[in-house]
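In this chain, residues are counted from 1 in sequence order. Side chains included, hydrogens not; waters and symmetry mates left out as well; all remaining heavy atoms used.
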Amino acid sequence: MQARDTGALLLTELEVKRAISALAPPGWLRLHKAARALCRNAHFEAEDLLQEAFERALDGSRQCSRTLDIVHFLVGVMRSIASDWRKARRRRPEMSLVNPTGALQQIVIKVRDERPAADEWLASTQEAICLRQAILELFADDDVAQRMLEGIMDGIAGAELRCLTQLSQTQFESKRRLIRRRIDKAFPQERKP
């Protein structure tokens, strides 16, 4: 019931279209002045802003109250759109190849490739494989610890890892401490400060 009441307080798309069509020259003048003022020192055109406000008003994405004058409504829509466009521009500023004098600028952009070279990647992969094997060998005498470590290395954690090992919570915590101590003892330089 409240949705029906809210709808009755808003102009329909057809009513908005009629109100825009019925605008008198002073109303159009006020809209154009407001659009120019909102675009001052901005990198978008007043006509584009006004057109966008019309589109949003006519497609129903912006709704006008019956108590509000159509010109005030459209100025408010333009103000909101201009604000959104400015925010978007600050997030992603445009680059131009033409300087203010109209001459082409020479822009050289060097993009550094952060990916490791093939030989570095292969070396690091081989290091990781060797390190994994060395850690697993620390627990050659303990199959449960090895299974637990393989699960950890494969990204399994928490209850799923405990289920994999079939240990009680106490046994699981105890085994984790054992693993941590052996690894810290075998690789003391790897400890974090």
Side-chain angles (χ1 to χ4, degrees), residues 2-3 6 38-39 41-45 48-49 51-53 55-56 59-63 76-193:
Q2 186 155 355
T6 305
L38 289 168
C39 291
N41 298 325
H43 295 281
F44 45 87
E45 298 295 321
D48 294 338
L49 181 61
Q51 182 63 36
E52 185 68 23
E55 284 180 26
R56 293 186 188 189
D59 72 8
S61 61
R62 298 291 174 103
Q63 296 182 327
V77 173
M78 286 191 295
R79 186 177 292 119
S80 174
I81 294 168
S83 174
D84 291 345
W85 286 355
R86 280 189 178 92
K87 287 177 188 173
R89 185 163 176 83
R90 279 193 297 266
R91 285 190 300 269
R92 286 191 178 164
E94 290 181 9
M95 292 180 61
S96 176
L97 296 178
V98 180
N99 66 19
T101 64
L104 278 176
Q105 299 179 36
Q106 183 177 5
I107 298 175
V108 178
I109 299 174
K110 294 182 180 180
V111 179
R112 204 170 91 192
D113 189 1
E114 297 292 330
R115 296 175 296 175
D119 58 337
E120 292 171 353
W121 178 81
L122 185 59
S124 68
T125 303
Q126 288 174 342
E127 272 181 41
I129 292 170
C130 291
L131 181 60
R132 179 182 173 122
Q133 193 58 41
I135 290 173
L136 287 174
E137 286 174 6
L138 291 174
F139 300 94
D141 62 329
D142 191 341
D143 290 338
V144 175
Q146 272 190 338
R147 202 169 345 130
M148 202 167 156
L149 266 170
E150 286 173 348
I152 291 169
M153 290 176 185
D154 291 337
I156 300 172
E160 189 179 352
L161 184 60
R162 194 169 73 80
C163 183
L164 176 75
T165 58
Q166 298 178 344
L167 296 174
S168 69
Q169 186 66 35
T170 307
Q171 292 170 325
F172 181 75
E173 294 299 326
S174 181
K175 193 61 72 173
R176 285 181 69 155
R177 281 191 296 277
L178 170 76
I179 290 170
R180 194 174 318 118
R181 286 182 190 136
R182 279 197 193 174
I183 291 173
D184 285 348
K185 185 177 179 183
F187 302 98
Q189 72 278 7
E190 299 296 324
R191 276 193 235 161
K192 293 180 181 176

Euclidean distance, Leu38 CG relative to Ile81 CD1, rounded to 0.5 Å: 10.0 Å
Electrostatic pair Asp141:Arg182 at N-O distance under 4.0 angstrom: yes
Validation row: Gln171, Val144 side chains within 4.5 angstrom (heavy atoms): no
Interatomic spacing from CZ in Arg162 to CD in Glu173 - rounded to 0.5 Å: 9.0 Å
Distance, nearest 0.5 Å, that separates CG of Leu136 from CG of Asp142: 11.5 Å
Under-4.0 Å salt bridge between Asp154 and Arg132: yes
Check: Phe139 and Met148 side chains under 4.5 Å, non-hydrogen atoms: no
Interatomic spacing from CZ in Phe172 to CG in Leu161 - rounded to 0.5 Å: 4.0 Å
Which atom of Trp85 lies closest to which atom of Asp48, heavy atoms considered: CH2-O, 3.9 Å
Glu150 and Gln146 side chains, donor-acceptor separation under 3.5 Å: no
CG-CZ distance between Leu167 and Arg147, expressed to the nearest 0.5 angstrom: 7.5 Å
Modelled atom types, side-chain donor and acceptor of Arg62 and Ser80, under 3.5 Å: yes
Point-to-point distance, once rounded to the nearest 0.5 Å, from CG of Leu178 to CD1 of Ile183: 9.5 Å
Minimal non-hydrogen separation, Met78 against Ala53, with atom names: CG-CB, 3.4 Å
Distance-minimising heavy-atom pair for Pro188 and Lys185: CD-O, 3.6 Å
For Ala145 against Ile179, the heavy-atom pair lying closest together: O-CD1, 3.9 Å
